[in-house]
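Data first, discussion second: the structure below is written as structure tokens.
Here the structure is a predicted model, which means the values were calculated and not measured. Side chains included, hydrogens not; waters and symmetry mates left out as well; all remaining heavy atoms used. Convention: sequence-line order gives letters A, B, ...; per-chain numbering from 1.
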2 protein chains.
Amino acid sequence: MYQRKIPIDYDCGLSVAMEVVGSKWKFCILDEISKGIKRPKDLVNAINGITKRVLQKQLRELELHGLLEKTIYTEIPLRVEYNLTVSGKSLLPLVSAIDQWGMGFSSRLKTILETEATMNYL
Amino acid sequence: MYQRKIPIDYDCGLSVAMEVVGSKWKFCILDEISKGIKRPKDLVNAINGITKRVLQKQLRELELHGLLEKTIYTEIPLRVEYNLTVSGKSLLPLVSAIDQWGMGFSSRLKTILETEATMNYL
DNA sequence: CAGGATCCGTCCGGATACTG
DNA sequence: CAGTATCCGGACGGATCCTG
């Protein structure tokens, strides 16, 4: 059984938030789902670099934490859809804010990492 | 030498942002530094659950990515301070937005995890 | 297609000791 | 105090196979 090392500090917003979305994939997943990509297979294709296994784990956590709602359609082949809950939707403004910040920081990061790379050749 | 598995997509804001702050500690660290806690020792004490080793790594990454600036005072005992750069400061609104979201989600998460815990006893 | 189980190499991170 | 190096157990994640 999994025992959390550091208990969540419910009085600290950052602690709560990091428990729920403190992984590099969560924001991407919420973003894609908000754009209408709802099936695991499609999410794997949409998100650059994620694997089926890792996505599965992230989806389960997001569902457990009440940000996603899972619907199973008993068809052949099986179809499953994940939709944002109210809590999940309340995160969207943050997702787009982070996205925007990233766009603004993009060129700077590029420069930093490139000069960093050439430094290693000296 | 470390080879990144998935290259950063500089056209995707979330990809850029996650490269820089996609770890559960980064936001906390920036938050504490913005509040005036600037020395590694003090940060370890201020941030619940972080260890010296992990903090060191996070600080180096934040510095490398241009969000923090390191100042060394050659005193005895040695004193080091980390300060937010302009880019680092530009993240503060997001930090407080995430903090606020976490505060709002706190009670709901608590309920979810507690019922989840009792479920396991059935 | 969804997703769980298994095998197995890799990496992360705690503990500790050492240097400046 | 700040930072690095080493040891080492445990967690993570890729590949693969199997079921409904």
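Here the P atom of nucleotide C:dG3 and the CD atom of A:E81 are 12 Å apart, to the nearest Å. Spacing between atom NZ of B:K70 and atom C1' of D:dA2 amounts to 8 Å, rounded to whole angstrom units. A:D42 has its CG atom 13 Å from the P atom of C:dG3, to the nearest Å. For the pair A:I76 CD1 and C:dC1 P, the interatomic distance rounds to 13 Å; values are reported in whole Å. The CD-P distance, from B:E61 to D:dG3, rounds to 14 Å in whole Å. The distance between atom CG of B:L43 and atom C1' of D:dG3, rounded to the nearest whole Å, is 15 Å. In this structure, the CD atom of B:E75 is 13 Å from the P atom of D:dC1, given to the nearest Å. A:L62 has its CG atom 16 Å from the C1' atom of C:dG3, to the nearest Å.
Residue contacts shown for B:Y82 are limited to sugar-phosphate atoms, with no base heavy atom under 4.0 Å away.
Identified under the ring-ring contact (aromatic ring centres under 6.0 Å, His included) test for residues 6-51 of chain B, with sequence neighbours left out: none. Sorted by first and then second residue, the salt bridge (Lys or Arg N to Asp or Glu O under 4.0 Å) pairs involving residues 42-51 of chain B (not counting sequence neighbours) form an empty list. Counting only residues at least two apart or in different chains, ring-ring contact (aromatic ring centres under 6.0 Å, His included) contacts with residues 67-108 of chain A comprise A:W101-A:F105.
The stretch residues 31-40 of chain B touches DNA chain D through B:R39, B:P40, each having a heavy atom under 4.0 angstrom from the strand.
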Go through the steps for B:L43 and B:L59 under the test side-chain contact (heavy atoms from CB on, under 4.5 Å), then give the verdict. CA-CA 10 Å; B:L43 287 167; B:L59 288 174; 4.2 Å; yes
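Among A:K38, A:K70, A:E69, the one residue that satisfies the side-chain hydrogen bond (donor to acceptor under 3.5 Å, both in side chains) test with A:N83 is A:K38.
Residues B:R39 and B:V80 come closest through the heavy atom pair CG-O, 3.5 Å.
Looking only at side-chain heavy atoms (C-beta outward), B:L113 and A:I8 come within less than 4.5 Å of each other.
Taking the side chain of A:Q56 as heavy atoms from C-beta on, and the options C:dG4, C:dG3, D:dC1, the nearest nucleotide is C:dG3.
How far CD1 of B:I47 is from CD1 of A:I6: 11.0 Å, rounded to the nearest 0.5 Å. Distance check, rounded to the nearest 0.5 Å: CD of B:E61 to CD of B:E19 gives 8.0 Å. With rounding to the nearest 0.5 Å, the separation of CG in B:L84 from OG in B:S90 is 9.5 Å.
Axis orientation changes by 40° from one end of the helix from C:dC1-D:dG20 to C:dG20-D:dC1 to the other, with each end axis drawn from 5 pairs and the value rounded to 10°.
Within a 6.0 Å sphere centred on CZ of A:R79, heavy atoms belonging to other residues, nucleotides or ligands number more than 12.
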Quick one: what's the B/S/- string for nucleotides 13-20 of chain C, heavy-atom cutoff under 4.0 Å, read 5' to 3'? BBB----B
